[in-house]
Protein chains: 4
Amino acid sequence: MSPRPARVLRGRAGDDPATALREHLIATARDLLAQRAVSTLTTRQLARAARVSDGVLYNHFADKHDLLVTALVRDYAERAGGFPATLPEAGSGNVEENLCECARAVRRVVGDVLPTAAGLVSEPALLHRFLRALHSDPLGPGLLIDPLVEHLTAEQHLGRLGPGDPRPAATLLFGAMVLLTAGELLDPGAARADDTRDTDDHVRSVVRTLLHGLAPGRDPSASS
Amino acid sequence: MSPRPARVLRGRAGDDPATALREHLIATARDLLAQRAVSTLTTRQLARAARVSDGVLYNHFADKHDLLVTALVRDYAERAGGFPATLPEAGSGNVEENLCECARAVRRVVGDVLPTAAGLVSEPALLHRFLRALHSDPLGPGLLIDPLVEHLTAEQHLGRLGPGDPRPAATLLFGAMVLLTAGELLDPGAARADDTRDTDDHVRSVVRTLLHGLAPGRDPSASS
Amino acid sequence: MSPRPARVLRGRAGDDPATALREHLIATARDLLAQRAVSTLTTRQLARAARVSDGVLYNHFADKHDLLVTALVRDYAERAGGFPATLPEAGSGNVEENLCECARAVRRVVGDVLPTAAGLVSEPALLHRFLRALHSDPLGPGLLIDPLVEHLTAEQHLGRLGPGDPRPAATLLFGAMVLLTAGELLDPGAARADDTRDTDDHVRSVVRTLLHGLAPGRDPSASS
Amino acid sequence: MSPRPARVLRGRAGDDPATALREHLIATARDLLAQRAVSTLTTRQLARAARVSDGVLYNHFADKHDLLVTALVRDYAERAGGFPATLPEAGSGNVEENLCECARAVRRVVGDVLPTAAGLVSEPALLHRFLRALHSDPLGPGLLIDPLVEHLTAEQHLGRLGPGDPRPAATLLFGAMVLLTAGELLDPGAARADDTRDTDDHVRSVVRTLLHGLAPGRDPSASS
DNA sequence: TATGAATGAGTTTTCATTCAT
DNA sequence: CATGAATGAAAACTCATTCAT
């Protein structure tokens, strides 16, 4: 009485067969999205990669964009949703080290999310649908910045950071990490064996600069 | 019996007609690139816009990508090449105001360059060729960061900024501007009438935070 | 352990469920055929409209065409079958008025049947099957003409029409009505508010011409 | 300096190469339209039949419908445009024979035009574009009826036909011919060796009936 | 060397039909 | 028998590239 399952799902059990293939398609799309840019993905490639016939897509999604946006949102939600948990506890250890750990967390999530996000820029229709989907989800545009701001605020309340609006500070830290990530993405040739070490030095110096500021008359060596 | 010049160039004199048409195509491509995304640009549109026949392109460039990359590089070179001149003179006026002006200059150039650059992500082949072209040109990847670093170094020598590596500071400032710009590009709906003012407030607060740092025990109100 | 009846027929009793669903599909197809053209009807639309699963069709009909032809024949049979009863009684009232009423009856049935029939032309396979089905049914091609011929014959026997073969007369009347109907179908824009009146004037003048003939030496005004 | 000609046109000379392929496509479409119904024609079939690549169509026409409508109009124009010339001269020979000749002319043109026209019914979009094209051409919807009306009028002025509106008479004659034609088109099996003879008898009896009318008190034998 | 029509592989999407359940 | 998802062969249309002139 149930319809025939897709060949590719033969042998699996326990799933709701109605949603199993839908999920399979989303998963396949995410896989491909991690390799190629959105706009280079064809429905044919998708079907081939999912080991499924050309038409299935349209049994589960309104059109190609519908599947793509769904996969994109799912991807973003999972990657960005885990971000807050990767931030260190405010008050623990030492402030600078904490900030470095924050910066590394940002770098990780940006590394995950940036390639896909950048690919969206050239597909205005897709971008629009993606942003609408994000806004109607609990995933707001502040999903990544806000936890950082909260961390800084918490450290302020603990007296471990000075007063002042933490949001520009978060922007500075976040932006610097975006830049480092983008640089590496654009120029993979620069990635060397000692890459991690170098990168971490970058992170640390950025954090220190942010902590002590550029203005003269302060002794940054005090906390190093 | 010299070869027939393209119709669109009839009447011009003095130029080498061969390079004239090449330049004309590059200029047209740049014009279109400022309007549409790279991936949506067809050779036909290009030919029509250049008032030239569909095939000429292949007499002057290896293929469509070759023309596009050339136009992209040219565009980047001009926009980014003009950037240093838009930075204020170190030592003039007041340091904070100078930094704000630097930040605004960064925002302008990023606003010019980011949309096109982001569009490249979805065309991996193009992106690769673009990056190779950039590296073989004098236009290194530091084209935008280095002038900023120099400005900061100059202010340090004048004693108007504290000691320390100016490069992470430049990264922080630059990254924050990228973030602001990207936010506006992605969410044009957030652009309001008071947009300029808001944005400038953002810029100023970012600069102040960068100047005074996050560490406690410093009175940021002193210099505001 | 009798087979499960289709959801849409649950609760009905007394019918043979096998033929009930068959009839339900035919009825649904007729409904849709009255709205859309044959060639635009998909099996999916049919199944949805019948509130039945996509595959049932193939349990009761050889294929889509089989169902469609069956529905088409059924439709034609009912519309054309009702036609004789809509003709006026020979001998009643006045001959001209009776002929007008015949003409109107023809127009009605043609209006019902022509759109569907014309739509068949673009589906040669369907058309062929349809015609074969018609011929094997008691529904011959004379189904519409013959009753008209009989009416004329009856009026002849009553001495209210002159002698001569009534079949060409029926052809003339029928053909004129087909023309009027086709004209309106092809050019719906010509339909005005006073449409009914105009059309009826057309019908009347056609009937009068048919009654009195074109040959000279006859005073058509005598019977007007 | 001229672009490369289509392979299929190699060797021909004298034509304007720009319009040669356009005409070739129209001609091919007309050929196919004479065999298959409009809606069953695919762009692929068209290209194959024209011995031309799949895409050429779009170099000369906005889309498939554009080509089809153009072919349809061209076809109609040529077939229907020649119709008036095939009518006999009013006043020549004998009236009845003249009317029979008119009827035969109508039958010919209807036989040419009806199959194609009927196929249009199931393609509302195409039908609409076709009708619009017809109306903007000198080819009005009266193109076929009007010459017939004029013939009758001329015969009236010569005193060879009685008075009265000739238009309903034209409608009757035309409609009867449409019916005869449609019957033969729908039921090609009825076409026999003696077909022409039979058909001609039909035509003659229809014309006589039209001439003498149905009303009693007239002696139709007088003119037979 | 400029022209611009011809080429044909490639794109997204539809849909009649099948078939495991 | 009913179910309805899977199938895959089209469909219309696009576009980078070629090439006779």
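Here is how names work: the chains are called A, B, and so on, in the same order as the sequence lines, proteins then strands, and each is numbered from 1.
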Exercise for review: Could you go through the salt bridge (charged side-chain N to carboxylate O under 4.0 Å, His left out) check for C:Glu23 and C:Arg74 one step at a time?
Suggested key: CA-CA 11 Å; C:Glu23 288 304 314; C:Arg74 185 74 61 88; 2.8 Å; yes

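- Summarising the geometry, atom CG belonging to C:Leu25 is positioned 6.0 Å from atom CG belonging to C:Leu67; distances are rounded to the nearest 0.5 Å.
- Between the CZ atom of A:Arg51 and the P atom of F:dT7 there is a distance of 11 Å, rounded to whole Å.
- Residues from residues 26-40 of chain C with heavy atoms under 4.0 angstrom of DNA chain F: there are none.
- Between A:Leu57 atom CG and A:Arg44 atom CZ the span is 12.5 Å, to the nearest 0.5 Å.
- Rounded to an integer number of Å, the gap from CG of B:Leu67 to C1' of F:dA16 is 13 Å.
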Exercise for review: Decide yes or no on salt bridge (charged side-chain N to carboxylate O under 4.0 Å, His left out) for A:Asp63 and A:Arg129, but give the supporting numbers first.
Suggested key: CA-CA 12 Å; A:Asp63 55 12; A:Arg129 280 162 81 165; 3.3 Å; yes

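- Here CG of B:Leu127 is found 12.5 Å from CZ of B:Arg132. Values are rounded to the nearest 0.5 Å.
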Report, one pair per line, the protein and nucleotides 9-13 of chain F atoms (nitrogen or oxygen only) whose separation is under 3.5 Å.
from	atom 1	to	atom 2	distance (Å)
F:dA12	OP1	D:Lys64	NZ	2.5
F:dA12	OP2	D:Thr43	N	3.0
F:dA12	OP2	D:Thr43	OG1	3.1
F:dC13	OP2	D:Tyr58	OH	2.9
F:dC13	OP2	D:Lys64	N	3.2
F:dC13	O5'	D:Tyr58	OH	3.4

**Study point:** Trace of the side-chain contact (heavy atoms from CB on, under 4.5 Å) decision for D:Phe61 with D:Ile26
**Key:** CA-CA 10 Å; D:Phe61 299 90; D:Ile26 295 175; 3.8 Å; yes

Exercise for review: Give the dot-bracket string for DNA chain E, reading 5' to 3', where a pair is Watson-Crick or G-U wobble with both distances under 3.5 Å, ( ) marks pairs inside the strand, [ ] marks pairs crossing earlier ones, | marks a partner on another strand, and . marks unpaired.
Suggested key: .||||||||||||||||||||

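- Rounding to whole angstrom units, CG of residue A:Leu21 and P of E:dC19 are separated by 18 Å.
- Within the 3.5 Å criterion, the main-chain N or O of D:Ala50 finds a donor-acceptor partner in the side chain of D:His24.
- Here the P atom of nucleotide E:dA2 and the CZ atom of B:Arg22 are 12 Å apart, to the nearest Å.
- Contact annotation: D:His60 reaches the phosphate of E:dA6 (side-chain N/O to OP1 or OP2, under 4.0 Å).
- Distance check, rounded to the nearest 0.5 Å: OG1 of D:Thr28 to CD of D:Gln45 gives 12.5 Å.
- Distance D:His24 NE2 to E:dA6 C1': 12 Å, rounded to the nearest Å.
- For B:His65, the NE2 atom is densely surrounded, since the number of other residues' heavy atoms within 6.0 Å is greater than 12.
- Atoms CG (D:Leu46) and P (E:dT7) sit 14 Å apart, rounded to a whole Å.
- With rounding to whole Å, B:Arg48 atom CZ is found 8 Å from E:dG4 atom C1'.
- In this structure, CG in D:Leu68 is found 11.0 Å from CG in D:Asp75, a value given to the nearest 0.5 Å.
- With values rounded to the nearest 0.5 angstrom, C:Gln35 atom CD is found 9.5 Å from C:Leu41 atom CG.
- Proximity of D:Ser53 to the phosphate of E:dT7: a side-chain N or O atom is located under 4.0 Å from OP1 or OP2.
- The shortest distance between the side-chain N/O atoms of C:Asn59 and the OP1/OP2 oxygens of F:dA2 is below 4.0 Å.
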